[in-house]
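The next block holds one structure in the form of structure tokens; read it before the comments.
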Amino acid sequence: MPILHAKRGSGKRAATPAVGGLAFVAYAMQMAAAYDFQDIEQRWRERWERDGIAVARPDATREKYYVLEMLPYPSGDLHVGHAKNYTIGDAIARSMRMLGYNVLHPMGWDAFGLPAENAAIQRGIAPATWTLSNIANMQRQLRLMGTSYDWSREIATCTPEYYRWNQWLFLRLYERGLAYKREAPVNWCPKDATVLANEQVIDGCCWRCNTPVQRRNLSQWFLRITEFAERLLDGLEGLEGWPERTRAMQRNWIGKSEGAQFSFAIEGVSERIDVFTTRVDTVYGVTFLALAPEHPVVARIKELIAPESAAAIDRFTESLRSKSELERTSLMEKQGLFTGAYAIHPLSGARVPIWVTNYVLAEYGTGAVMGVPAHDERDFDFARKHDLQILRVIVPTGSSVPAEAPIETAFVDDGTLIESGAFSGMASAEARRAIATEFQRREIGKATTTYRLRDWLVSRQRYWGTPIPIVYCNDCGEVPVPDEQLPILLPPDAPITGEGSPLARLPSFIETTCPRCGGPARRESDTMDTFFESSWYYLRYLDPQNETAPWARDAADAWMNVDQYIGGSEHAVLHLLYSRFFYKFFHDCGWVSGADEPFARLFHQGMLLSNGEKMSKSRGNVVGIDETAKKNGVDAMRLFLLYVTPPEDTSDWTDEGITGRVRFVNRVWRACEPLAARARSVDVRTLPVCTTPEEKALVRAVHLAARSLVEETLTRRFHYNTTIARLDETINALTAAIGTSPDAAATLYAVHAVPLLLAPFAPHIADELWSLYGYDRSVHLEAALAPQDAALALDEITLVVQVNGKVRARIACAPSIGEADAFALAQADPAVRGYLDGKELRKRIYVPGKLVNFVVG
RNA sequence: GGGGAAGUGGCGGAAUGGCAGACGCAGCCGCCUCAAAAGCGGCCGAGGCAACUCAUGUGGGUUCGAGUCCCACCUUCCCCA
């Protein structure tokens with residue numbers, strides 16, 4: 001007898017011998033060669049591409065479903081960590097297709113950005129060349145993963161066909177006053193040699209390279225996202241399909257605070273100092289004013305005071321100049337210097353000393369803070385350190401703390417006002433309204449709302465990005481480039497050295513003529529933040545070839561909004577906030593209709609570790625797609641990524657773990673392939689006749705898996721780990737059935753059903769088996785197996801009998817058993833009887849088909 | 001300090017308020033084999049000879065019944081200050 005010990009990935013499949021029954025099974029178990037995933041997976045990838053199984057067209061007869069993964073930056077090479085994200089999206093896309101939805105599942109490239117310039121500097125490769133070759137490789141790898149993207153809609157943001165619409169959209173923002181240039185203190189990353197938006201500064205460091213950012217005063221382009229602050233905040237309420245923590249992060253970032261703004265007069269100076277506070281009820285407790293050293297009034301004060309005092313202020317200011325925001329507000333000790341000047345309290349008339357401090361920032365609020373040490377911890381610390389007066393003006397409501405009692409800590413809660421003139425005795429909330437009204441009456445202030453959100457700084461002093469379509473003319477000033485002159489192409493010959501803006505040093509680019517007067521003019525040399533193009537790319541997929549508009553309104557009407565968006569939580573504020581801003585703008589322009597939110601549901605996949613550690617080149621634990629596709633197969637990889645944890649959890653790639661799924665794929669193959677010919681005639685819509693409990697259980701396992709697939713998909717929970725566990729049970733039951741009754745209708749039914757259940761997760765083996773069952777059409781174009789109640793129903797259930805909540809017996813009975821019969825049966829059970837005899841029966845609980853509980857005393 | 005998420009065997013995890021630990025990994029024992037690998041079958045929270053008892057971070061509560069709901073606390077992670 002020939003023994004076929006085929007190595008995985010090499011040998012050919014053994015021919016199915018024409019023997020039946022147990023002898024055949026023994027032969028099949030022994031003889032079936034290991035599944036040759038390499039050949040089979042490649043063959044199906046090519047077939048899907050040829051057949052266009054993922055190409056999406058509008059179809060009024062089916063409900064649309066737009067599932068989207070955040071578009072990747074083409075860094076060069078994918079590893080299994082990336083694969084997790086795309087596998088989740090692909091499992092959803094394939095499941096929804098089989099459930100009858102018209103699925104749109106596109107992919108593209110966030111192709112502008114610094115790494116391409118760094119490659120140019122370090123290795124002399126043109127950014128475009130580097131980027132395009134990375135895209136080619138990553139596209140190959142995404143295909144290798146068996147993903148079902150509609151590649152006919154692919155976009156790369158670095159192509160003129162795409163970025164001309166960046167420029168076009170910028171001009172529309174400009175026309176509406178939502179794009180403007182202004183000088184402001186901005187975040188500067190010295191390593192990347194460019195400015196950064198506030199959202200791109202994480203803990204005081206550059207989000208990309210972790211270099212501490214510096215502050216510089218520069219003239220820069222901003223987008224007026226602050227105008228949308230209230231709508232961005234309100235919109236979060238409706239986003240119930242978003243993770244709560246992401247909504248909370250956006251809420252935090254927008255940072256709405258309601259309070260009052262009012263001004264202090266200064267002794268001997270005509271200017272006034274504006275302050276904003278949420279606690280205007282504590283205003284009688286003000287004992288100092290804290291100013292940012294950069295505050296404009298500081299210059300006026302210096303004129304009033306002794307030269308040596310003014311010099312001290314200058315030294316203090318100088319010492320803070322290079323310090324980052326984080327250092328100044330959080331890391332450094334609270335420092336301050338009395339200026340020698342006094343303000344006048346607007347209500348009490350008291351003299352209030354004016355200090356400059358490190359913990360008040362010029363760019364936030366008004367750059368000045370009223371110091372109320374008794375009711376603010378930071379002010380309290382500052383007052384203690386500098387021996388400033390501490391005045392108690394709020395006491396807990398209902399208590400009677402004398403104003404003179406020593407103050408050990410700041411009382412920061414609301415309470416009742418004391419020592420506050422006409423407002424004494426009021427509750428904090430009431431006093432806030434009353435005092436704001438009083439300020440308004442005196443015309444020195446009013447109730448206002450402020451936001452932490454700043455305008456979005458979008459200009460970058462870099463090459464590999466979209467040129468900003470503005471020219472500067474000596475006569476006409478700032479002039480927008482007319483639409484018909486778009487795109488302004490990125491010149492291929494800019495000197496990329498890492499020093500200075502490349503475009504600024506390229507006369508052939510900079511020198512131009514004014515579109516308005518025809519005179520000599522200079523082009524803007526800054527390019528756009530790459531978050532600009534990723535804020536609207538999901539609309540370009542809908543109409544990628546459009547040459548007259550970024551997208552047509554009817555394309556947006558057909559597909560928007562994105563039904564399910566999938567990506568990392570690191571973009572919780574950045575990309576997801578900018579996109580929401582853009583979409584609201586588009587909505588206002590009438591370019592999209594319906595809800596003014598782009599992403600109806602959002603899913604953050606969890607991180608993937610490698611053997612318990614973060615995957616990184618320096619740790620040497622990066623598991624590549626190519627490597628694992630070759631070693632374990634793509635189906636096993638996909639199954640593992642979905643199986644190891646729920647998709648939103650952090651999971652760990654381990655050799656043992658992937659081995660488990662490789663085994664599973666082989667078990668599927670050994671179970672189904674030898675029976676393929678016989679399973680051909682099965683119709684999975686018709687339940688088979690079962691003659692034994694085991695057969696019934698096998699068919700039930702199939703339908704439990706089918707139900708899990710449908711439920712996890714339609715409830716949008718996507719816990720496919722549980723669905724795959726049900727598939728494990730199905731295969732276990734099937735393997736056992738093959739051992740006893742390979743010809744039973746139930747066995748062949750299960751064999752036939754398996755690829756339908758496996759298709760979203762292990763698409764290749766599913767289609768291979770499906771074709772062996774005689775189908776010409778891909779399994780991915782079939783309808784999902786509909787779970788049937790008749791298959792799920794049990795002939796017999798186990799009724800749990802409890803006495804006082806403890807399980808005392810288990811009784812087999814019919815699932816339809818009624819309450820009276822259940823009690824009678826339970827009470828008659830000898831084990832239960834022992835717990836009931838001689839006790840008073842106080843209560844009986846019956847949970848139909850599940851449980852009886854006797855409460856005795 | 002404020003807000004968000006989470007804590008279940010050796011490990012990853014499962015469980016509409018109703019038999020805790022499905023499924024997988026690791027481990028142990030068998031079968032097969034000259035042997036090994038692969039495969040197949042069984043065991044696998046703790047204590048106890050057993051009947052049983054204990055067990056889902058800790059302590060309370062609601063309930064006939066709590067991993068699940070409520071309160072307080074502890075720990076971890078994440079955001080904001």
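Just so we're on the same page: letters track the sequence lines, and every chain starts at 1. The structure displayed is predicted, hence computed values, not measured ones.
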- Item | Span that lies between the C1' atom of B/A50 and that of B/G39, in whole angstrom |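 Their C1' atoms lie roughly 38 Å apart.
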- Task: Determine the Euclidean distance between corresponding C1' atoms of B/U62 and B/A72; express it in Å to zero decimal places.
- Result: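 Result for the C1' pair: 15 Å, nearest Å.
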Residue [X], side-chain atoms from C-beta onward, closest of [options]:
X: A/Ile845; options: B/G18, B/C54, B/G39; answer: B/G18
X: A/Val855; options: B/U16, B/C64, B/C40; answer: B/C64
X: A/Lys850; options: B/U16, B/C79, B/C52; answer: B/U16
X: A/Asp728; options: B/C23, B/G18, B/A81; answer: B/C23
X: A/Asp649; options: B/G41, B/G13, B/C79; answer: B/G13
X: A/Lys806; options: B/C54, B/C19, B/G18; answer: B/C54

- Can you label the angle between the A/Phe854 ring and the A/Phe823 ring as parallel, tilted or perpendicular, going by 30° and 60°?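 The arrangement is tilted - the two ring planes meet at 30° to 60°.
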- A/Asp414 vs A/Arg279, salt bridge (Lys or Arg N to Asp or Glu O under 4.0 Å): CA-CA, chis, key distance, verdict: CA-CA 9 Å; A/Asp414 279 6; A/Arg279 291 300 306 274; 3.7 Å; yes
- Item | Test side chain to side chain donor-acceptor pair (under 3.5 Å) applied to A/Tyr720 and A/Ser708, step by step | CA-CA 8 Å; A/Tyr720 291 129; A/Ser708 176; over 6 Å; no
Show me the side-chain donor-acceptor pairs of residues 232-247 of chain A shorter than 3.5 Å, one per line, residues at least two apart or across chains.
| unit_1 | atom_1 | unit_2 | atom_2 | d |
| --- | --- | --- | --- | --- |
| A/Trp242 | NE1 | A/Phe599 | O | 2.8 |
| A/Glu244 | OE1 | A/Arg247 | NE | 3.4 |
| A/Glu244 | OE1 | A/Arg247 | NH2 | 2.9 |
| A/Glu244 | OE2 | A/Arg251 | NH1 | 3.4 |
| A/Thr246 | OG1 | A/His604 | NE2 | 2.7 |
| A/Arg247 | NE | A/Leu239 | O | 3.4 |
| A/Arg247 | NH1 | A/Leu236 | O | 2.9 |
| A/Arg247 | NH1 | A/Glu237 | O | 3.4 |
| A/Arg247 | NH1 | A/Leu239 | O | 3.4 |

- Message: Does anything in residues 638-647 of chain A come within less than 4.0 Å of RNA chain B? Heavy atoms only, and list the residues if so.
- Response: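 Correct list: A/Tyr643, A/Val644, A/Thr645, A/Pro646.
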- Item | Strand-adjacent residues in residues 718-726 of chain A, judged by heavy atoms under 4.0 Å from RNA chain B |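 Correct list: A/Asn721, A/Thr722, A/Ala725, A/Arg726.
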- Message: For A/Trp669 and A/Phe37, I'd like to know if the aromatic rings sit close, meaning centre-to-centre distance below 6.0 Å.
- Response: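 Ring centroids of A/Trp669 and A/Phe37 are no less than 6.0 Å from each other.
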- Message: Taking the nucleotide of RNA chain B with the nearest heavy atom to each, does A/Thr798 or A/Arg717 sit closer to the 5' end?
- Response: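 This one resolves to A/Arg717.
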So, does [X] get its side chain near the phosphate of [N], meaning an N or O under 4.0 Å from OP1 or OP2?
X: A/Asn252; N: B/C78; value: no
X: A/Arg670; N: B/A38; value: no
X: A/Arg663; N: B/A26; value: yes

Mind checking [X] for me? I need base, sugar-phosphate or nothing, with any heavy atom below 4.0 Å counting as a touch.
X: A/Arg707; result: nothing
X: A/Gly660; result: sugar-phosphate
X: A/Arg661; result: sugar-phosphate

- Message: Stem finding on RNA chain B, please: runs of three or more consecutive Watson-Crick or G-U wobble pairs, both distances under 3.5 Å, sorted by first number.
- Response: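 Runs of three or more consecutive pairs: B:1-7 with B:74-80, B:10-12 with B:23-25, B:27-31 with B:39-43, B:45-47 with B:52-54, B:57-61 with B:69-73.
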- Message: Does B/G9 count as syn, meaning its glycosidic angle lies within 90° of 0, or as anti?
- Response: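 Glycosidic conformation of B/G9: syn.
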Please list each protein N or O that sits under 3.5 Å from an N or O in nucleotides 65-72 of chain B, with the distance.
none

All N/O donor-acceptor pairs, side-chain side in residues 795-818 of chain A, below 3.5 Å, sequence neighbours left out:
| unit_1 | atom_1 | unit_2 | atom_2 | d |
| --- | --- | --- | --- | --- |
| A/Asn804 | OD1 | A/Val856 | N | 3.0 |
| A/Asn804 | ND2 | A/Val856 | O | 3.4 |
| A/Arg808 | NH1 | A/Tyr835 | OH | 3.1 |

- Heavy-atom pair with the smallest gap, counting every atom of A/Thr654 and A/Phe640: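 It is N-CZ, 4.1 Å.
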- Message: Which residue in the set A/Arg663, A/Arg667, A/Arg661 passes salt bridge (charged side-chain N to carboxylate O under 4.0 Å, His left out) when paired with A/Asp728?
- Response: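 Among the candidates, only A/Arg661 passes.
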- Message: What I want to check is whether an N or O donor and acceptor connect the side chain of A/Arg245 with the base of B/C78 at under 3.5 Å.
- Response: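 No, no donor-acceptor pair under 3.5 Å.
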